[in-house]
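This report refers to the structure that appears directly beneath it.
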Amino acid sequence: MKPTISIVVAIYNRKDELFELLTSLTQQTDKEFEMIIVDDGSLIDLKPVIKNFDGILNIKYFRKDNSGPGLTRNYGAARATNEWLVFVDSDVIVEKDYIEHIKKDILAIPCDAFGGADKAHKGFNLMQKAISYSMTSVFTTGGIRGSKKAVSKFQPRSFNMGVKKTVFEKVGGFSEMRIGEDPDLSMTLWENGFTTAFFDDIAVYHKRRVDFGKFSRQVYQFGCARPILNQRHPNYVKISFAFPTLFMLGYVMGFLEYFIMGRGIILAFYGLYTFLVLFHALLLTKNISIAGMAVISTYIQMFSYGYGFLKSWILLNVFRMKPEDAFPHHYYKK
């Protein structure tokens, strides 16, 4: 018997992205699914967009006061009627066989939750493709988030994530964290004896941020969240989480070595790293402009994440601050 699916989307303002997502869902080879859209207090009216899909998609639309993505997804999950909850971000586009592959994989790979990858669509602009490279590359933090080789410990992310509804309810859904709420849920599932899996044929096209400033702020927040997650889930701490901070500190040491000692040994390693990123990005994208911007976005990612991680670690472990006091904007009230 085929599993039944409810797609849950938490959205704030992104009407153009919502239109693109819903358009991609109208093209599914398997049309047996319900759509739960929860408007998290948008400042613009999203109903005209949804009205375009009346009679085409089985959509249930709700609007609530703004409270952040996690609580908004919980609100939508509580109103879903099917066996599996599939969470996608409002700024993704899915392939026409997305639903078909999810149902096939659920039957073939026993698990309580699953996730898939993200990639850049050919229609994305150059900067979006460069940022997508940085967020998924083996040369950045994208290379340590889990893979098919470690499916039992893959951390599904909420831009492309499925969970059995009964399991989701047992662990209480997404926590009070506003940022980092999806790896928090994955580790909570593990701690309660549930399993996660990586489905390699359900990748989505994820737009992410559209300029370097917004991208920097986003990954900085991710960096701040990681030491909080480490405190909440100490059994799953990895030294690799500190890699961007070590990268940032090493770069500073390289300049000190150069200006104080007149040597550039450390900076030579960063030069090699830059060349590898440029070459790898060029190999994947076949575009020198994207590759050049990928170098910039990679350094932004490593420095911004690294600084956020270091700041958070010091506040939590040196000054012994509570996470909700150190980063009140990372939390919301249930």
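Quick caveat: nothing in here was measured; it's all calculated off a predicted structure. We number each residue from 1, following the sequence as shown.
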*Does atom NZ of K51 have more than 12 heavy-atom neighbours, drawn from other residues, nucleotides or ligands, at distances under 6.0 Å?*
no
*asked:* Can you tell me how far apart CD1 (I131) and CD1 (I300) are? Round to the nearest 0.5 Å.
replied: 7.5 Å
*Rounded to the nearest 0.5 Å, what separation is found between the CD1 atom of I37 and the NZ atom of K47?*
13.0 Å
*Distance-only donor-acceptor check, side chains T29 and E100, under 3.5 Å*: yes
*Should V204 and F124 be regarded as members of a common hydrophobic cluster, given that ILVMFWY residues are connected when their side-chain heavy atoms come within less than 4.5 Å of each other, either directly or indirectly?*
no
*Exercise: do N160 and Y98 side chains pair donor with acceptor under 3.5 Å*: yes
*Which atom of R178 lies closest to which atom of S67, heavy atoms considered*: NH2-O, 3.6 Å
*asked:* Any heavy-atom pair between the side chains of Y305 and M248 that's under 4.5 Å?
replied: no
*Taking all atoms of both residues into account, what is the closest heavy-atom pair of A10 and P69, and its distance?*
CB-O, 4.1 Å
*asked:* Looking at every heavy atom in both A294 and Y133, which two are closest together, and how far apart are they?
replied: CB-CD2, 3.7 Å
*In Å and rounded to the nearest 0.5 Å, what is the CD to NE2 distance from E176 to H330?*
12.5 Å
*Of all the heavy-atom pairs spanning S312 and C224, show the shortest one and how long it is.*
OG-O, 2.8 Å
*Does CG belonging to D65 count more than 12 external heavy atoms closer than 6.0 Å?*
no
_Residue that, paired with F174, satisfies ring pair (Phe, Tyr, Trp, His ring centres under 6.0 Å) out of Y75, F168, Y331_ = F168
*Distance-minimising heavy-atom pair for D211 and G213*: OD1-N, 3.0 Å
*Would you tell me whether R73 and S158 have side-chain atoms, one donor and one acceptor, within less than 3.5 Å of each other?*
yes
*Would you kindly confirm whether I260 and F255 end up in one hydrophobic cluster when ILVMFWY residues are joined by side chain heavy atoms under 4.5 Å apart?*
no
*I would like to know whether K60 and T81 meet side chain to side chain contact (heavy atoms under 4.5 Å, CB included); could you show each step before the answer?*
CA-CA 11 Å; K60 297 177 181 177; T81 60; 3.4 Å; yes
_Quiz question: by atom type and distance under 3.5 Å, do the side chains of Y61 and D39 form a donor-acceptor pair?_
yes
_Side-chain heavy atoms nearer than 4.5 Å, only ILVMFWY residues, links allowed to pass through others: does that put L85 and L107 together?_
no
_Less than 4.0 angstrom from a charged side-chain N to a carboxylate O is my criterion; do K207 and D91 meet it?_
no
*Option from Y307, F269, Y299, F139 for which ring pair (Phe, Tyr, Trp, His ring centres under 6.0 Å) with F247 holds*: Y299
_Could you see if I99 belongs to whatever hydrophobic cluster contains I109? Use Ile, Leu, Val, Met, Phe, Trp, Tyr and a side-chain cutoff under 4.5 Å._
yes
*asked:* Could you measure the distance from the CG atom of N230 to the CH2 atom of W313? Nearest 0.5 Å is fine.
replied: 11.0 Å
*asked:* Just so I know, are the side chains of V88 and V9 near enough to count as touching, which here means a heavy-atom distance under 4.5 Å?
replied: yes
*Identify whether NZ of Lys or CZ of Arg in R263 sits under 6.0 Å from the centre of the six-membered ring of Y258 and within 45° of that ring's axis.*
no
*Picking from L316, L310, V237, what satisfies side-chain contact (heavy atoms from CB on, under 4.5 Å) with P227?*
L316
*Test ring pair (Phe, Tyr, Trp, His ring centres under 6.0 Å) applied to Y270 and Y251, step by step*: CA-CA 7 Å; Y270 284 86; Y251 196 81; 5.2 Å; yes
*Does atom NZ of K15 have more than 12 heavy-atom neighbours from other groups under 6.0 Å away?*
no
*Does the side chain of I11 reach to within under 4.5 Å of the side chain of V38, using non-hydrogen atoms?*
no
*For the residue pair I179 and A225, what are the closest heavy atoms and their distance?*
O-CB, 3.8 Å
*Let me know which of M321, R320, K322 forms a side-chain contact (heavy atoms from CB on, under 4.5 Å) with L315.*
M321
*Does a donor on one side chain sit under 3.5 Å from an acceptor on the other, for Q155 and T196?*
no
*Using distance alone, with no hydrogens and no angle criterion, decide if H101 and D105 have a side-chain donor and acceptor under 3.5 Å apart.*
no
*Is the shortest side-chain N to carboxylate O distance from D118 to R157 below 4.0 Å?*
no
*Cut-off 3.5 Å, side chains only: do T72 and K64 have a donor facing an acceptor?*
yes
*Nearest 0.5 Å please: distance from the CD atom of E324 over to the NE2 atom of H329.*
13.0 Å
_Could you walk me through whether R63 and D40 satisfy the salt bridge (Lys or Arg N to Asp or Glu O under 4.0 Å) test, starting with their C-alpha distance in whole Å, then the side-chain angles of each, then the deciding distance to 0.1 Å, before giving a yes or no?_
CA-CA 6 Å; R63 178 179 169 83; D40 189 25; over 6 Å; no
*asked:* Testing the 3.5 Å rule here: is there a donor-acceptor pair between the side chains of Y205 and E95?
replied: yes
*Using a 4.5 Å cut-off on heavy atoms from C-beta on, say whether the side chain of L18 contacts that of I50.*
yes
_Donor-acceptor contact present, side-chain H121 to main-chain G123, <3.5 Å_ = yes
*asked:* Would you say that P48 contacts D45 through its side chain, given a criterion of any heavy-atom pair below 4.5 Å between the two side chains?
replied: yes
*asked:* Under a 3.5 Å distance rule, please check whether E20 uses its side chain to pair with a backbone N or O of V92 as donor and acceptor.
replied: no
*Go through the steps to decide whether E83 and K165 satisfy the test salt bridge (Lys or Arg N to Asp or Glu O under 4.0 Å), and finish with yes or no.*
CA-CA 6 Å; E83 177 188 5; K165 187 178 181 185; over 6 Å; no
*So K119 and T136, side chain to side chain contact (heavy atoms under 4.5 Å, CB included) or not? Walk me through it.*
CA-CA 8 Å; K119 54 187 178 180; T136 57; over 6 Å; no
*Look at the side-chain heavy atoms of Ile, Leu, Val, Met, Phe, Trp and Tyr, link any pair under 4.5 Å apart, and say whether L246 and L256 land in one connected group.*
no
*Nearest 0.5 Å please: distance from the CE atom of M302 over to the OG atom of S134.*
10.0 Å
*Take F19 and F53, measure what ring pair (Phe, Tyr, Trp, His ring centres under 6.0 Å) needs, and give me the verdict at the end.*
CA-CA 9 Å; F19 181 83; F53 299 90; 5.6 Å; yes
_Check against side chain to side chain contact (heavy atoms under 4.5 Å, CB included), R14 and S42_ = CA-CA 8 Å; R14 293 176 165 177; S42 295; over 6 Å; no
*Would S175 and E181 count as having a side-chain donor-acceptor pair, cut-off 3.5 Å?*
no
*asked:* In the structure I gave you, are the side-chain heavy atoms of S132 and H206 within less than 4.5 Å of one another anywhere?
replied: no
*With a 4.5 Å limit on heavy-atom distance, are the side chains of F215 and S297 in contact?*
yes
*asked:* Looking at L283, I'd like to know if its CG atom is crowded, meaning that more than 12 non-hydrogen atoms belonging to other residues, nucleotides or ligands lie closer than 6.0 Å.
replied: yes
*What's the verdict on ring pair (Phe, Tyr, Trp, His ring centres under 6.0 Å) for F114 and F199, showing C-alpha distance, side-chain angles and the deciding distance?*
CA-CA 7 Å; F114 63 85; F199 293 172; 4.5 Å; yes
*Is the shortest heavy-atom distance from the side chain of T4 to the side chain of E32 under 4.5 Å?*
no
